[in-house]
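Note that the structure is predicted; figures quoted are calculated from it, not measured.
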Amino acid sequence: METDSQRNRIAWEAASEKHVLEYQEHLAQARDECSLFAAELDLLRPVLASAPEAVHLQSGHGLDDVALVKAGARQVVGVDFSQVAATAAQRRADELGVACRYVVAQLPGAPLRDACADLVYTGKGALIWLPDLRAWAADVARLLRPSGHLFVYEAHPAVPLWTWDEDEPRIRPDRGYFARSHVNDTFPARGAVESQATLADIINAVLSAGLELLHVAEYAEPFWRPDGIAAAAWEGRLPNAFSLLARRRHDAVV
């Protein structure tokens, strides 16, 4: 029987074809724009000032990797379970001459050596593919050097509840905040099974891995707005994104 993970891989490989079809557009964005939000840059600026070696878990189209290098990272290793996305991202990085390389793997369990990163970056549609956040957080801690940082910029866990109605915000009657999963019925991963976790679940997973929590913030602005849709849920009254910055303690045993 096909597992959720297998179905998700099929759905995401198909969705990632968009990165291939829009290759030139993404190339121009990577060359001329910055995909990192101002809030991300503000929080990451002290970390990036030290020219960290970074790992981007669930790297997707790779635009954030180029932006991280431009903002100060010495190099970025992206890990994604989509061969299509990783191949397009590597081609783009090579064409731009940016210090990014890509590994295809399912997470957690990144096929990278222990203590290889000063910064682990992830988000913008990443945590929803991870049913075991404690295992993910333990893998993050394994990858980080002492005093290394984890940074997450992600959709708020309440987002699956919001409808896309344009007249006023509404809660979907078929979903609940404390549910463990739901089926994605919108682009880009229509039909895939997304895991759910509360904000407390995410924070406690990070703490369970022995990381020191430095900052958590919530934002009304979503990290992604589909073209042609202006949902009332995105207009400032509800949480749509959050950021989290944590650090591996200097005295941590690696």
Salt bridge (charged side-chain N to carboxylate O under 4.0 Å, His left out) evaluation trace for E40 with K124: CA-CA 11 Å; E40 294 184 90; K124 297 176 183 172; 2.7 Å; yes

Contact between [X] and [Y] at the side-chain level, heavy atoms closer than 4.5 Å - yes or no?
| X | Y | result |
| --- | --- | --- |
| P239 | W162 | yes |
| C116 | V55 | yes |
| R247 | H149 | yes |
| V104 | F81 | no |
| F151 | L43 | yes |
| D132 | P108 | no |
| V206 | V152 | no |
| L211 | L144 | yes |

Could you state the interatomic distance from [atom1] ([X]) to [atom2] ([Y]), rounded to the nearest 0.5 Å?
| X | Y | atom1 | atom2 | value |
| --- | --- | --- | --- | --- |
| L130 | E194 | CG | CD | 11.5 Å |
| L133 | S208 | CG | OG | 9.0 Å |
| L150 | W136 | CG | CH2 | 5.0 Å |
| H56 | Y121 | NE2 | OH | 5.5 Å |
| Q29 | C34 | CD | SG | 11.5 Å |
| R74 | D118 | CZ | CG | 6.5 Å |

Quick one: does any side-chain atom of [X] pair with a main-chain N or O of [Y] as donor and acceptor, under 3.5 Å?
| X | Y | result |
| --- | --- | --- |
| D80 | S59 | yes |
| E154 | G125 | yes |
| Q58 | L107 | no |
| T87 | V84 | no |

Identify the two heavy atoms, one from [X] and one from [Y], that lie closest to each other, and give their separation to 0.1 Å.
| X | Y | result |
| --- | --- | --- |
| R113 | R142 | C-NH1, 3.7 Å |
| R101 | Q90 | CA-OE1, 3.2 Å |
| L41 | A71 | CD2-CB, 4.2 Å |
| W164 | W234 | NE1-CZ2, 3.5 Å |
| L48 | A73 | CD2-N, 3.9 Å |
| H61 | A89 | O-CB, 3.6 Å |

Test log, rule salt bridge (charged side-chain N to carboxylate O under 4.0 Å, His left out), inputs E212 and R249: CA-CA 7 Å; E212 177 187 10; R249 293 190 300 273; over 6 Å; no

Ring geometry between Y153 and Y219 (parallel below 30°, tilted from 30 to 60°, perpendicular above 60°):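 Rings of Y219 and Y153: parallel, under 30°.
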
Test log, rule side chain to side chain contact (heavy atoms under 4.5 Å, CB included), inputs L57 and L143: CA-CA 11 Å; L57 298 180; L143 295 172; 4.2 Å; yes

NZ/NE/NH1/NH2 to OD/OE distance under 4.0 Å, R225 and E235: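 Salt bridge between R225 and E235, a charged N being under 4.0 Å from a carboxylate O: yes.
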
CZ (R237) with more than 12 external heavy atoms under 6.0 Å: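 Open: at most 12 neighbouring heavy atoms sit under 6.0 Å from CZ of R237.
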
Side chain to side chain contact (heavy atoms under 4.5 Å, CB included) between V120 and R248, intermediate numbers included: CA-CA 11 Å; V120 171; R248 186 177 178 90; over 6 Å; no

Joint hydrophobic cluster, L63 plus L44, side-chain heavy atoms closer than 4.5 Å: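 No; L44 is not reachable from L63 via cluster members.
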
Stepwise salt bridge (charged side-chain N to carboxylate O under 4.0 Å, His left out) check, E53 with R145: CA-CA 10 Å; E53 293 184 292; R145 297 174 179 135; 2.7 Å; yes

Intermediate values then yes/no, side chain to side chain contact (heavy atoms under 4.5 Å, CB included), Y177 and T198: CA-CA 7 Å; Y177 184 67; T198 67; 3.4 Å; yes

Derivation and outcome, side chain to side chain contact (heavy atoms under 4.5 Å, CB included), residues R92 and V98: CA-CA 9 Å; R92 187 160 38 250; V98 179; over 6 Å; no

Passing option when R172 is tested against T163, D165, D185 for side-chain hydrogen bond (donor to acceptor under 3.5 Å, both in side chains):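 The side-chain hydrogen bond (donor to acceptor under 3.5 Å, both in side chains) with R172 is passed solely by D185 among T163, D165, D185.
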
Exercise: do D65 and Y102 side chains pair donor with acceptor under 3.5 Å: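 D65 vs Y102: donor-acceptor pair found between side chains.
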
